[in-house]
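Take a look at the structure set out below.
Starting from 1, each residue takes its place in the sequence as its number.
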Amino acid sequence: MTTQAIRIIAAIGGLILAVAIFWAFGVEPFWDGVEVVTSSPWGQVTLIDLYLGFVLHAVLIFIFERDTLQKLIWVLPIFFLGNVWTAIWFVLRAPQIVARLRS
């Protein structure tokens, strides 16, 4: 997969997710949705899955970034902004990711 393809996929995915988030905010209050999700065992499993993904992305970013401040800037917001933030990181870092994986 090319660097440009990774960037495009991450950008499109992040944009779709951001649009879905704004749509959901317009349809239903956030905490009402959280209450619905957390009331179901499958909703709870989905949240565990989501946060496991956040942790794994955070570990990847923490390993990849060299500067401590950059690590914190990219890792901490993941747990509040979610995968939109991760998608932005992939768009910006795709060339370096591909270069490191090839070496």
Side-chain angles (χ1 to χ4, degrees):
M1 182 171 286
T2 68
T3 301
Q4 194 63 16
I6 293 169
R7 291 177 115 169
I8 290 169
I9 291 167
I12 290 171
L15 184 59
I16 290 169
L17 179 57
V19 168
I21 290 168
F22 282 109
W23 167 77
F25 270 118
V27 172
E28 180 178 53
F30 177 76
W31 292 112
D32 290 352
V34 171
E35 185 178 322
V36 169
V37 171
T38 57
S39 67
S40 162
W42 281 110
Q44 293 168 13
V45 168
T46 300
L47 285 176
I48 292 167
D49 179 46
L50 176 71
Y51 276 88
L52 174 61
F54 290 171
V55 168
L56 294 174
H57 280 124
V59 167
L60 175 67
I61 292 169
F62 199 82
I63 290 168
F64 187 85
E65 294 293 337
R66 297 178 185 195
D67 179 67
T68 302
L69 181 59
Q70 287 293 314
K71 291 176 190 224
L72 295 175
I73 287 171
W74 285 110
V75 167
L76 294 178
I78 290 173
F79 300 96
F80 304 100
L81 301 175
N83 286 315
V84 170
W85 192 248
T86 302
I88 293 169
W89 182 80
F90 270 94
V91 168
L92 296 174
R93 296 292 192 257
Q96 295 94 340
I97 293 168
V98 170
R100 283 199 197 174
L101 289 174
R102 287 186 178 156
S103 64

For a quick test of reading the model, state the closest non-hydrogen atom pair linking [X] to [Y] and the distance between them.
{"X": "Gln44", "Y": "Ser39", "result": "NE2-C, 4.5 Å"}
{"X": "Val91", "Y": "Arg7", "result": "O-NE, 2.7 Å"}
{"X": "Ala87", "Y": "Gly14", "result": "CB-CA, 3.7 Å"}

Using side chain to side chain contact (heavy atoms under 4.5 Å, CB included), reason through Val98 and Thr2 one step at a time and then give a plain yes or no. CA-CA 8 Å; Val98 170; Thr2 68; over 6 Å; no
ILVMFWY cluster, [X] and [Y] together (side-chain gap under 4.5 Å):
{"X": "Leu101", "Y": "Leu92", "result": "yes"}
{"X": "Ile9", "Y": "Ile12", "result": "no"}
{"X": "Phe90", "Y": "Leu15", "result": "no"}
{"X": "Trp89", "Y": "Leu72", "result": "no"}
{"X": "Leu81", "Y": "Val84", "result": "yes"}

How about Phe62: does its CZ atom have over 12 heavy atoms from other parts shown lying under 6.0 Å from it? no
Heavy-atom count check: over 12 atoms from other residues, nucleotides or ligands less than 6.0 Å from Arg100 CZ?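 Counting other residues, nucleotides and ligands, CZ of Arg100 exceeds 12 neighbours.
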Test item: [X] and [Y] side chains (from C-beta on) under 4.5 Å apart, heavy atoms:
{"X": "Val75", "Y": "Glu65", "value": "no"}
{"X": "Leu47", "Y": "Leu50", "value": "yes"}
{"X": "Ile61", "Y": "Ile78", "value": "yes"}

Residues that Trp85 engages under side chain to side chain donor-acceptor pair (under 3.5 Å), provided they are two or more places apart: none
For Gln70, side chain to side chain donor-acceptor pair (under 3.5 Å) partners two or more places apart: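 If we apply the side chain to side chain donor-acceptor pair (under 3.5 Å) test to Gln70, skipping adjacent residues, the hits are Trp74, Arg93.
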Spacing of CZ belonging to Phe30 relative to CD1 belonging to Ile21, to within rounding of 0.5 Å: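 Output value for this atom pair is 9.5 Å.
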List the residues meeting ring-ring contact (aromatic ring centres under 6.0 Å, His included) with Tyr51, not counting sequence neighbours, and say none if there are none.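 With sequence neighbours excluded, Tyr51 shows a ring-ring contact (aromatic ring centres under 6.0 Å, His included) to Phe54, given in chain and number order.
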List the steps and the verdict of side chain to side chain contact (heavy atoms under 4.5 Å, CB included) for Ile6 and Ile97. CA-CA 10 Å; Ile6 293 169; Ile97 293 168; 5.7 Å; no
